[in-house]
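Whatever order the structure lists them in is the order used to number ligands and atoms, beginning at 1. Throughout, numbering of the chain's residues begins at 1 and tracks the sequence. As a basis for the values below, the full set of heavy atoms in this structure was taken, side chains included, without hydrogen atoms, waters or symmetry mates.
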Amino acid sequence: MSPAPRRPFFCGNWKLNGSLAESVALATDVRNGVATLRGVDVVVAPSFTALHAVAKRLESESAGPVGVAAQNCHWEDKGAFTGEVSASQLADVGCKYVILGHSERRQLFGELDAGVNLKARAALRAGLAPIICVGETLAERDAGETLGRVQAQLEAAVADVSEADLARCLIAYEPVWAIGTGRTATPGQAQEVHAFIRARLAARHPGLAASLRILYGGSVKPDNVRALMAEVDVDGGLVGGASLKAESFVRMVKEGS
Ligand code: 13P
């Protein structure tokens with residue numbers, strides 16, 4: 001059976017960067033830069049404070065819309081959870097996606113696999129598409145534990161998610177040692193893990209795995225994206241540093257799609 005075509009998907013994860021004005025300006029420049037592209041999904045993930053304004057700026061775009069993602073959410077819909085933001089609140093301000101389980105959240109804020117699962121299910125209930133991040137540390141890679149770690153994170157994150165809901169998820173493989181370090185995984189290293197992720201998903205959902213999009217993240221840049229995208233199971237990128245300037249992000253989307 002030939003695999004289903006998978007539309008390339010690029011998400012700029014702006015992390016903790018940008019004033020309101022800067023975020024709206026960057027989103028506008030990205031939108032203008034990709035306006036003529038077809039056959040690729042482009043998403044930006046500003047800070048919570050800029051989500052509404054960025055979504056408003058982007059919503060009127062008729063040709064080739066740029067989507068909006070949040071960088072995290074809480075798993076409860078409402079209640080006494082000071083400082084948290086719910087998935088339904090994100091949907092309410094115009095988000096279509098939410099990045100979950102990013103390694104910075106896991107490493108710096110103690111996020112656990114079980115919490116990522118709760119958040120993914122909350123996001124799906126709210127109508128958002130979760131972008132679920134998995135990836136090993138350098139110590140885990142050096143110890144030969146890459147695939148085991150990725151499998152544990154993946155299977156925990158999608159536990160009790162129905163096949164119909166899984167079809168709305170994206171998976172992002174982000175080796176921790178490649179994030180913000182300038183050290184990209186080689187295309188071969190990325191492909192090995194992406195193929196593994198697809199195979200694990202296929203074991204549970206044979207009809208679905210060929211159409212799920214698996215993104216690579218970790219020092220993706222305009223000059224390395226083409227080689228990564230040439231790998232059969234690499235369907236797009238989750239991009240940090242190179243997404244903070246419209247020129248480099250747009251060039252990367254063009255190179256990669
Ligand atoms: P860099 O592209 O800056 O390495 O960040 C990757 C990342 O963490 C995207 O979520």
Suppose we measure from atom 3 (O) of ligand 1 to each protein heavy atom; which comes out shortest, and what is that distance?
Gly241 N, 2.8 Å

Arg141 bridged to Glu145 by N-O distance under 4.0 Å
no

For ligand 1, is there an atom lying under 4.0 Å from some heavy atom of Ala178?
yes

Pairing of Arg204 and Glu155 as salt bridge, 4.0 angstrom limit
no

By number and element, which atoms of ligand 1 are closer than 4.0 Å to a non-hydrogen atom of Ser219?
1 (P), 2 (O), 4 (O)

Any atoms of ligand 1 less than 4.0 Å from a non-hydrogen atom of Asn13? List them with their elements.
9 (C), 10 (O)

Starting from atom 5 (O) of ligand 1, locate the nearest protein heavy atom and write down its residue, its atom name and how far away it is, to 0.1 Å.
Lys15 NZ, 3.3 Å

Which atoms of ligand 1 are found less than 4.0 Å from any heavy atom of Leu238?
9 (C), 10 (O)

Say whether, by atom type as modelled, one donor and one acceptor occur between the side chain of Arg200 and the main chain of Leu154 under 3.5 angstrom.
no

Mark up the atoms of ligand 1 that fall under 4.0 Å of a heavy atom belonging to Gly180, in ascending order.
1 (P), 3 (O), 4 (O)

Which residue and heavy atom of the protein sit nearest atom 2 (O) of ligand 1, plus the separation
Gly240 N, 2.9 Å

Is there a heavy atom in Gly218 that sits closer than 4.0 Å to ligand 1?
yes

Please check this pair: side chain of Arg183 against backbone of Gly180, looking for a donor-acceptor N/O pair closer than 3.5 Å.
no

Test of understanding: given a 4.0 Å heavy-atom threshold, classify the contact between Ile179 and ligand 1 as side chain, backbone, both, or neither.
both

With a 4.0 Å cut-off on N to O distance, would you call Arg213 and Asp41 a salt bridge?
yes

Hey, are Arg7 and Asp235 close enough for a salt bridge, meaning a charged N less than 4.0 Å from a carboxylate O?
no

For the pair Gln71 (side chain) and Val98 (backbone), establish whether a donor and an acceptor sit closer than 3.5 Å, ignoring hydrogens and angles.
no

At a non-hydrogen distance cut-off of under 4.0 Å, which region of Ala172 contacts ligand 1 (side chain, backbone, both, or neither)?
neither

Are the side chains of Leu147 and Glu136 in contact, using a 4.5 Å heavy-atom criterion?
no

Residue, atom and distance of the protein heavy atom nearest atom 7 (C) of ligand 1 read Glu174 OE2, 3.2 Å

